[in-house]
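These notes concern the structure reproduced below.
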Amino acid sequence: MESFRTASAGGRGARCGTRRRGRTAVVCALAAVALTGAAPAAETGQTAGRTAENGAATAFRTAEPSGRGGGPGSVLSAEPTSFRSGPGVPTDTSAWKITYRSTSADGRPNTVSGTVLVPHDGRGGTRPLVTYAVGTVGMGDQCAPSSGFPDGTTTEAPLVNAALVRGYAVAVTDYEGLGTPGDHTYTVARAEATAVLDAARAAQRLPGARGLGVGPRSPVGIMGYSQGGQASAKAAEIAAWYAPELDVRGTASGGVPADLAQVAEASDGGDNAGFVLMSAIGHDAAFPGLHLGTYLNDKGRRLTAMARDACASEILEAAAGTRMDELTVTNPLRRPDWHVRLAADTLGERAPAAPTFVYHGEADEVVPYAQGQGLRARWCARGNAVSFRSFPGSDHVGTAVAGNAPALAWLGDRFAGEPAPDDCPA
């Protein structure tokens with residue numbers, strides 16, 4: 001459900017922080033330094049070079065003749081932006097903020113925003129592409145990854161930068177409803193998955209990225225942690241039929257809430273109760289027939305109104321210790337129609353066509369360790385080649401940090417054509 005908790009700062013960016021001191025140190029360190037130790041670009045000459053290149057790239061503000069009538073992955077708009085791996089830490093990359101066509105949970109076409117990043121590393125030929133799904137940022141547009149990338153306040157930027165340092169292009173979706181009209185369809189797996197896959201399609205069609213080695217022949221890796229773990233895992237399950245033209249080599253998913261109903265039950269009334277409220281808002285956004293508003297009492301209406309425009313830290317702080325029963329006249333999570341929608345988010349009922357890398361912290365206090373074990377077992381039972389990595393003693397945020405390099409190394413082997421290890425029982 002979350003990898004890092006971010007909160008609005010000045011109504012736009014995100015401030016580094018969590019509600020526990022130990023995690024604050026980890027998150028703030030991530031926001032300041034790229035994990036791989038890659039040298040950042042200086043603020044002088046390289047920045048000027050990027051500015052000039054971005055200026056030239058304005059010719060690509062509208063891409064693909066298909067325009068707004070195009071199918072999933074069509075680029076609707078593109079404009080130059082910048083990417084910092086932390087506040088005051090620029091990177092030597094080309095970056096575009098894009099909007100693109102995708103598909104909602106009920107099959108309707110929608111518009112999603114995101115960012116495409118390509119490193120300036122002198123690499124020739126076709127380069128791999130990672131479509132990256134971030135963890136929980138919140139519900140307000142100001143929390144979207146694309147909003148924080150230019151000033152380095154998107155907390156997972158160092159993890160994204162670690163992929164760029166390896167020479168990979170990266171597409172980062174904002175998900176449905178973050179940066180575009182409407183509520184964010186938080187933890188609605190199908191809507192997240194299509195946004196992730198269509199971000200890869202859009203990156204391959206972006207003219208500026210094509211000039212830097214990104215195109216239809218780029219091998220694709222899918223990656224994400226926490227909410228992003230859910231999104232990437234679902235994307236892996238549907239890629240073969242939803243985006244069959246993508247050359248998906250593998251998916252790395254960590255901290256995955258594979259059974260959302262179980263995770264909600266574990267979080268309700270605790271420090272992470274805000275996730276349950278966000279998930280209820282997200283499902284109501286995807287399926288208005290659930291009529292969340294009819295279940296809320298006065299306290300529930302006030303908290304829901306706040307959450308719709310807030311970032312994760314604010315929501316978690318406001319909802320900590322609150323049970324859904326305290327916010328509703330009747331708890332919708334006990335209703336059959338809500339059960340059906342939450343059950344549709346369950347992962348592991350379909351095997352991905354490409355190998356997977358699943359990782360989870362044994363001391364995860366947000367998404368129980370059993371969730372990762374269960375996903376591994378279900379995918380194994382359906383014939384997927386699963387590489388499983390556990391992190392003893394590691395909590396949710398700690399595993400996001402510790403698992404990033406192994407996940408990228410695993411994807412690198414898939415890009416290189418190495419056989420995928422399989423940890424499934426014989």
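Index from 1, following the sequence. The model shown is predicted, which means the values in this text are computed figures rather than measured ones.
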May I have the step-by-step check of side-chain contact (heavy atoms from CB on, under 4.5 Å) for T115 and I98, ending in yes or no? CA-CA 6 Å; T115 306; I98 63 171; over 6 Å; no

Worked check of side-chain contact (heavy atoms from CB on, under 4.5 Å) between L292 and L290: CA-CA 6 Å; L292 175 62; L290 293 176; 5.9 Å; no

Heavy-atom closest pair, residues P219 and T126: CD-CG2, 4.3 Å

Quick check for you: to the nearest 0.5 Å, what is the distance between T154 atom OG1 and E156 atom CD? 9.0 Å

Determine whether D423 and R389 satisfy the following criterion, salt bridge (Lys or Arg N to Asp or Glu O under 4.0 Å), listing intermediate values before the conclusion. CA-CA 9 Å; D423 295 332; R389 176 78 178 268; over 6 Å; no

Please answer whether the main-chain N or O of V134 pairs with a side-chain N or O of Y175 as donor and acceptor at a distance below 3.5 Å. yes

Value for CG (D325) from CG (N331), rounded to nearest 0.5 Å, stands at 5.0 Å

So, for S279 and L260, which heavy atoms are closest and what is the spacing to 0.1 Å? OG-CD2, 3.7 Å

Where do Y242 and D198 land on the side chain to side chain donor-acceptor pair (under 3.5 Å) test, with the steps shown first? CA-CA 9 Å; Y242 181 77; D198 289 327; 2.6 Å; yes

Please say whether more than 12 non-hydrogen atoms of neighbouring residues, nucleotides or ligands are located less than 6.0 Å from CZ in R123. yes

Checking side-chain contact (heavy atoms from CB on, under 4.5 Å) for the pair L159/Y225: CA distance, chi angles, key distance, verdict? CA-CA 10 Å; L159 307 184; Y225 187 84; over 6 Å; no

For the atom pair SG (C424) and CZ (F388), what is the distance rounded to the nearest 0.5 Å? 11.0 Å

Heavy-atom closest pair, residues I222 and L197: CD1-CD2, 3.9 Å

How many angstroms lie between atom CG of D259 and atom CD of E265, to the nearest 0.5 angstrom? 9.5 Å

Pick one: which of V358, D422, T251, T356 meets side-chain contact (heavy atoms from CB on, under 4.5 Å) with N384? T356

Just by distance, no angles: are the side chains of Q142 and S147 close enough, under 3.5 Å, to form a donor-acceptor pair? no

Quick one, L342 with H283, criterion side-chain contact (heavy atoms from CB on, under 4.5 Å). Give me CA distance, side-chain angles, the key distance, then yes/no. CA-CA 8 Å; L342 291 173; H283 282 78; 3.7 Å; yes

If the threshold is 4.0 Å, N to carboxylate O, is there a salt bridge linking K234 and D345? no

Here's one to test your reading of the geometry: is the NZ or CZ of R341 within 45 degrees of the ring axis of F287 and under 6.0 Å from its centre? yes

Under the criterion side chain to side chain donor-acceptor pair (under 3.5 Å), I'd like the reasoning laid out for T194 against T103: C-alpha separation, chi angles, the key distance, then a yes or no. CA-CA 6 Å; T194 54; T103 309; 5.3 Å; no

Nearest 0.5 Å, please: how far is CD in E237 from CZ in R382? 9.0 Å

List the atom of A405, the atom of R166, and the distance in Å for their closest heavy-atom pair. O-NH2, 4.0 Å

What is the distance from atom CG of D268 to atom OG1 of T322, rounded to the nearest 0.5 Å? 9.0 Å

Are T131 and M223 packed together at the side-chain level, in the sense that at least one heavy-atom pair is separated by less than 4.5 angstrom? no

Distance alone, cut at 3.5 Å: any donor-acceptor contact between the side chains of S394 and T399? yes

Taking the six-membered ring for Trp, are Y168 and F415 closer than 6.0 Å centroid to centroid? yes

Does R84 form a side chain to side chain donor-acceptor pair (under 3.5 Å) with T91? I'd like the steps, not just the answer. CA-CA 6 Å; R84 284 172 167 75; T91 59; over 6 Å; no

Stepwise side chain to side chain donor-acceptor pair (under 3.5 Å) test for N110 and S104: CA-CA 6 Å; N110 62 4; S104 66; 5.1 Å; no

Return the orientation label for the Y295 and W338 ring planes: parallel under 30°, perpendicular over 60°, tilted otherwise. perpendicular

With no hydrogens and no angle check, is any side-chain donor or acceptor of Q371 less than 3.5 Å from a backbone partner on P368? no

Might you point out which heavy atoms bring H120 and S94 nearest each other, and give the distance in Å? NE2-OG, 2.7 Å

Does W379 have R376 sitting over its ring (NZ/CZ under 6.0 Å from centre, angle to axis within 45°)? no

Minimum heavy-atom distance between A195 and Y100, given as atom pair plus value: O-OH, 2.7 Å

